[in-house]
Amino acid sequence: MKQSNKAASRAQAGRQTADQVSELTTNRLSVYLRCLNVLESAGVRTISSQSLAEQFHLNAAQIRKDLAYFGEFGVRGVGYYVRDLKRHLRQILGLDRKLRVAIMGAGNLGLALADYPGFRQEGFEISALFDNLREKVGQQSRLGVPIYDIHDLKKIAKREGIRIAVIAVPAPSAQQVLNLVVAAGVKAVLNFSPGTLQAPPDVKLKSVDLTVSLESLSFFLAQDNGEDA
């Protein structure tokens, strides 16, 4: 009983501090979770912050600081119990429940994302694809994700309990699609379309611009070539 109360208090602490914790911190929590998955698969039961940092090229002090936002997870003389810490991180990140995701755009990128198995392994269920091309509506992805008409988004989102939308449409259509997503009541959006989108304050929008990332790598290579010259 004490253990469950402690876990509940930690989850409550996570909810209370969500607005205070930076996005960089939550990104690091995701990294820690990946590391713990590797350790658990290898049969490791306990690990110290120092060993965790050394094995995965992290910062031990940063690990302790990040985890301290949400409670006391370490045991003096032992470190962290890998399975328990993994469970707590999943609770903090909201991964202890299934999250239904819809993908806007049934083109090459949308279909690839819909069939990516890693999402399901982490608790994200790709429930629907949406497109405006009649020849695609009524079809399915390779692994069976149904494709619906974008104009039915609000109805389908409510029926399926969609919590996250992924935008994978051409740039000229992205803002219009985002507006439809917002009107459907979805509060979390991952955008793969290039350019800047505008979302209401109560909607969390994250953008992944692959071109910007490639240009950053190009800049690195250009500097390296300059030094060689």
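What you are looking at is a predicted structure, and each value in this text was computed from that prediction instead of being measured.
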What pair of heavy atoms forms the shortest contact from Leu29 to Leu67, and how long is it? CD2-CD2, 4.2 Å
Leu153 to Ala184 - nearest heavy-atom pair and separation: CG-CB, 4.0 Å
In a table with atom names and distances, give each donor-acceptor pair under 3.5 Å that connects a side chain of residues 103-119 to protein atoms at least two apart or in another chain.
unit_1: Asp115; atom_1: OD1; unit_2: Ser141; atom_2: OG; d: 2.8
unit_1: Asp115; atom_1: OD1; unit_2: Leu143; atom_2: N; d: 3.2
unit_1: Asp115; atom_1: OD2; unit_2: Arg142; atom_2: N; d: 3.1

Just to verify, what does Arg28 make a side-chain contact (heavy atoms from CB on, under 4.5 Å) with, not counting sequence neighbours? Leu24, Thr25, Tyr32, Gln62, Asp66
Nearest heavy atoms of Ile147 and Asp131, plus distance in Å: CG2-CB, 4.2 Å
Gap between atom CG of Leu178 and atom CG of Leu197 - 0.5 Å precision: 5.5 Å
With sequence neighbours excluded, tell me which residues meet side-chain contact (heavy atoms from CB on, under 4.5 Å) with Asp209. Pro194, Thr211, Val212
For the CG atom of Asp152 and the CZ atom of Phe130, what is their distance to the nearest 0.5 Å? 7.5 Å
Among all residues two or more places apart in sequence or in another chain, which pass the side chain to side chain donor-acceptor pair (under 3.5 Å) test with Asp202? Lys187
Taking the ring centre of each residue, are His88 and Phe73 less than 6.0 Å apart? yes
Residues Ser127 and Val145: closest non-hydrogen pair is C-CG1, 4.0 Å
I'd like to know whether Thr46 forms a side chain to side chain contact (heavy atoms under 4.5 Å, CB included) with Val82, so could you lay out the CA-CA distance, the side-chain angles of the two residues, the decisive distance to 0.1 Å, and finally the verdict. CA-CA 5 Å; Thr46 63; Val82 170; 5.7 Å; no
Can you get from Leu89 to Tyr81 by hopping between Ile, Leu, Val, Met, Phe, Trp and Tyr side chains that sit under 4.5 Å apart? no
Applying salt bridge (charged side-chain N to carboxylate O under 4.0 Å, His left out), name anything that partners Glu54, two or more places apart in sequence or on another chain. none
Under 6.0 Å from the CZ atom of Arg159, do we count more than 12 heavy atoms belonging to anything else shown? yes
Salt bridge (charged side-chain N to carboxylate O under 4.0 Å, His left out) partners of residues 169-179, not counting sequence neighbours, each pair once: none
Enumerate the salt bridge (charged side-chain N to carboxylate O under 4.0 Å, His left out) contacts for residues 88-109, please, sequence neighbours excluded, ordered by first and then second residue. Arg90-Glu122, Arg100-Glu125, Arg100-Glu160
Contact check, side chains of Leu39 and Phe56, non-hydrogen atoms, under 4.5 Å: yes
What one should report as the nearest heavy-atom pair of Val203 and Val182 is CG2-CG2, 4.1 Å
To the nearest 0.5 Å, what is the distance between CG (Leu129) and CD (Gln139)? 11.5 Å
Consider only side-chain heavy atoms of I, L, V, M, F, W and Y, link residues closer than 4.5 Å, and tell whether Val189 and Val208 are in one cluster. no
Going by side chain to side chain donor-acceptor pair (under 3.5 Å), name the residues that satisfy it together with Arg120, two or more places apart in sequence or in a different chain. none
Side chain to side chain contact (heavy atoms under 4.5 Å, CB included) assessment of Ile92 paired with Tyr69: CA-CA 10 Å; Ile92 291 167; Tyr69 276 115; over 6 Å; no
In terms of hydrophobic clustering (I, L, V, M, F, W, Y; side-chain heavy atoms under 4.5 Å; direct or indirect links), are Ile126 and Leu95 co-clustered? yes
The reported gap from CD1 in Ile150 to CG in Leu133 (rounded to nearest 0.5 angstrom) is 11.0 Å
Under 3.5 Å, sequence neighbours excluded: what are the donor-acceptor pairs made by side chains of residues 163-177?
unit_1: Gln175; atom_1: OE1; unit_2: Gln198; atom_2: N; d: 2.9
unit_1: Gln175; atom_1: NE2; unit_2: Asn179; atom_2: OD1; d: 3.0
unit_1: Gln175; atom_1: NE2; unit_2: Gln198; atom_2: O; d: 3.0

Search all heavy atoms of Leu58 against all heavy atoms of Val31 and return the closest pair with its distance. CD2-CG1, 4.1 Å
Once you round to the nearest 0.5 Å, how far does NZ of Lys136 lie from CG of Asp149? 13.0 Å
Residues that Arg34 engages under side chain to side chain donor-acceptor pair (under 3.5 Å), provided they are two or more places apart: none
How far does CG of Leu221 sit from CD of Gln223, to the nearest 0.5 angstrom? 10.0 Å
Following the transitive rule for hydrophobic clusters with a side-chain heavy-atom cut-off under 4.5 Å over Ile, Leu, Val, Met, Phe, Trp and Tyr, establish whether Val101 and Tyr148 coincide in one cluster. no
Under 4.5 Å between side-chain heavy atoms, counting indirect links through other Ile/Leu/Val/Met/Phe/Trp/Tyr residues: same cluster for Val75 and Leu36 or not? no
Taking only residues two or more places apart in sequence, or in another chain, which ones meet Lys86 in a salt bridge (charged side-chain N to carboxylate O under 4.0 Å, His left out)? Glu40
Could you pull out all residues at least two apart from Ser51 that satisfy side chain to side chain donor-acceptor pair (under 3.5 Å)? Ser48
